[in-house]
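For reference, the structure is listed below as structure tokens.
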Amino acid sequence: MSKKSALHISKGVEDAPSINPRLRVQGKSSLGAEELLAGIRSGDLAALAQGITLVESSAVKDREQARVLLSGALKFSGNALRIGVSGVPGVGKSTFLEHYGVRLLEREPEARVAVLAVDPSSSKNHGSILGDKTRMVDLGKHSRAFIRPSASGGALGGVARATKEAMILCEAAGFTHVFVETVGVGQSETLVAQLVDCFLFLAMPGTGDELQGIKKGIMEMADVIAMNKSEGQRRAAAERSALEIKRALQLFVKGHEEWITPVTLISGLEGEGFEELAQDLERYERHHKIKGLFERKRAEQRLFWFERSLSEGLDRLLAGMESWNTAKAALREQVASGALSPFEAGEVLLERVRRNF
Ligand code: GDP
């Protein structure tokens, strides 16, 4: 692969702090935000892990420290290429990330790879797609890699927010590539798409109806598609599946981006097709940067998170007001019994809010 590989980014690498192999923070239970930021900036992975734990924390005592840490880290962030990796459970996301990540690190001495996860199930049962780190043994051992399982607890929106903040800290630590892994079950993709520059969807052949499980929304969202498990005897089936997907994609040409989502055959297990996939990703990055779409997308994403945090904050604010809760409970009964239309009830409640302003 050429020096200018797909995942190479020109911006920011020279600013990246060198890695400090000594984990200076290890053993200390809690550091202040400034100390943590200094540790993170020096490439101290234990400080990074501790910083992420801090921003994930919902404890009131941690919120202020987390805010200070994030606002300090923000000015050093933004230089990584952010790639979402999605697909149904078992499609081979972890295997792919393990091998692709290691290959990237071997080919690019300046590269540093972080893998974060958004796991919709983690908020319910504390299961985590990356909880089992043994699936990425080699990458996990690499001194220029960092793997972080999904934050557990809280709603999906909270997990996504924690991932966004973890991403900021990873970028402040000088990571050049942040992969965000998520399971292909719908809602989580929508949020992950708002976190990343490029959305890579992994599909696999031989499931009969290839488009089953690849929902319309995902098709529209995918920037690059890789048909995984395409090695050996599976090759012919993979080619057929890729063709089917390409046909379906014609319905979803991203006109405004002038980008046609490529479909490439790979084997995450054998490392086959990585060169072509790297080129797809590089083309995507170049195309979007040249057209000014890269920055525009990030600006839109910032606005998305702003709007979202505002509406979630408003919900929390109202839910904390007793008069709101009492009035709402009474209206709920009337709506459930059919005595009042849901829309009228909504208006009644909103009118009360308006009058209070
Ligand atoms: P995930 O749930 O999407 O993270 O999938 P995993 O990475 O855990 O892989 C699921 C299973 O598929 C494992 O048994 C892998 O060994 C296997 N697998 C992953 N990639 C490939 C591949 O490229 N070819 C083949 N034949 N098997 C693969």
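Numbering of ligands and ligand atoms starts at 1, following listing order.
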Requested in this report: Could you tell me the separation between the CG atom of Leu191 and the OG1 atom of Thr163, rounded to the nearest 0.5 Å?
Outcome: 9.5 Å

Query raised in the report: Centres of the Phe96 and Phe274 rings: under 6.0 Å?
Result: yes

Requested in this report: Would you check the N or O atoms of Glu270, main chain and side chain alike, for any that come under 3.5 Å of an N or O of ligand 1?
Outcome: no

Show me the donor-acceptor pairs within less than 3.5 Å that the side chains of residues 322-339 make with the rest of the protein, sequence neighbours left out.
{"unit_1": "Asn325", "atom_1": "ND2", "unit_2": "Ala319", "atom_2": "O", "d": "2.7"}
{"unit_1": "Asn325", "atom_1": "ND2", "unit_2": "Met321", "atom_2": "O", "d": "3.3"}
{"unit_1": "Thr326", "atom_1": "OG1", "unit_2": "Glu322", "atom_2": "O", "d": "2.7"}
{"unit_1": "Ser337", "atom_1": "OG", "unit_2": "Glu333", "atom_2": "O", "d": "3.3"}
{"unit_1": "Ser337", "atom_1": "OG", "unit_2": "Gln334", "atom_2": "O", "d": "3.2"}
{"unit_1": "Ser337", "atom_1": "OG", "unit_2": "Ala339", "atom_2": "N", "d": "3.4"}

**Report entry** Close-contact set for ligand 1 against Gly268 heavy atoms, below 4.0 Å
**Finding:** 23 (O)

Query raised in the report: Numbering the atoms of ligand 1 from 1, which are under 4.0 Å from a heavy atom of Ser94?
Result: 4 (O), 7 (O)

Query raised in the report: Out of His99, Met204, Lys229, Glu181, whose heavy atom is nearest to atom 28 (C) of ligand 1?
Result: Lys229

Query raised in the report: Less than 4.0 Å between a side-chain N and a carboxylate O, is that true for Arg302 and Glu295?
Result: yes

Query raised in the report: Counting heavy atoms only, which of Val91, Val85, Leu269 is nearest atom 22 (C) of ligand 1?
Result: Leu269

Query raised in the report: Just wondering, do Met136 and Leu97 contact through their side chains at under 4.5 Å, heavy atoms?
Result: yes

**Report entry** Asp197: side chain to side chain donor-acceptor pair (under 3.5 Å) partners, not counting sequence neighbours
**Finding:** Arg298

Report summary line: The reported gap from OG in Ser267 to NZ in Lys229 (rounded to nearest 0.5 angstrom) is 9.5 Å

Report task. Check ligand 1 against Lys93 and write out every atom of the ligand that is under 4.0 Å from a heavy-atom position of the residue. Result -> 1 (P), 2 (O), 3 (O), 4 (O), 5 (O), 7 (O)

Requested in this report: Could you establish whether Gly90 and ligand 1 come within less than 4.0 Å of each other, counting only heavy atoms on the residue side?
Outcome: yes

Query raised in the report: Looking only at distance, does Gly92 have an N or O less than 3.5 Å from an N or O of ligand 1?
Result: yes

Requested in this report: Kindly identify the option in Met227, Glu231, Met136, Glu98 whose heavy atom sits closest to atom 24 (N) of ligand 1.
Outcome: Glu231

Query - Salt-bridge present (Glu165, Arg161; N to O < 4.0 Å) - result: yes

Requested in this report: Specify side chain, backbone, both or neither for Pro89, according to which of its non-hydrogen atoms lie closer than 4.0 Å to ligand 1.
Outcome: backbone

Requested in this report: Would you mind reporting whether Glu258 and His287 have side-chain heavy atoms less than 4.5 Å apart?
Outcome: yes

Query raised in the report: What part of Ile266, side chain, backbone, both or neither, has a heavy atom within less than 4.0 angstrom of ligand 1?
Result: neither

Query - Numbering as shown, the atoms of ligand 1 that approach Arg234 to under 4.0 Å (heavy-atom distance) - result: 26 (N)

Query raised in the report: Under 4.0 Å from any heavy atom of Thr95, which atoms of ligand 1 are there?
Result: 6 (P), 7 (O), 9 (O), 15 (C), 19 (C), 20 (N)

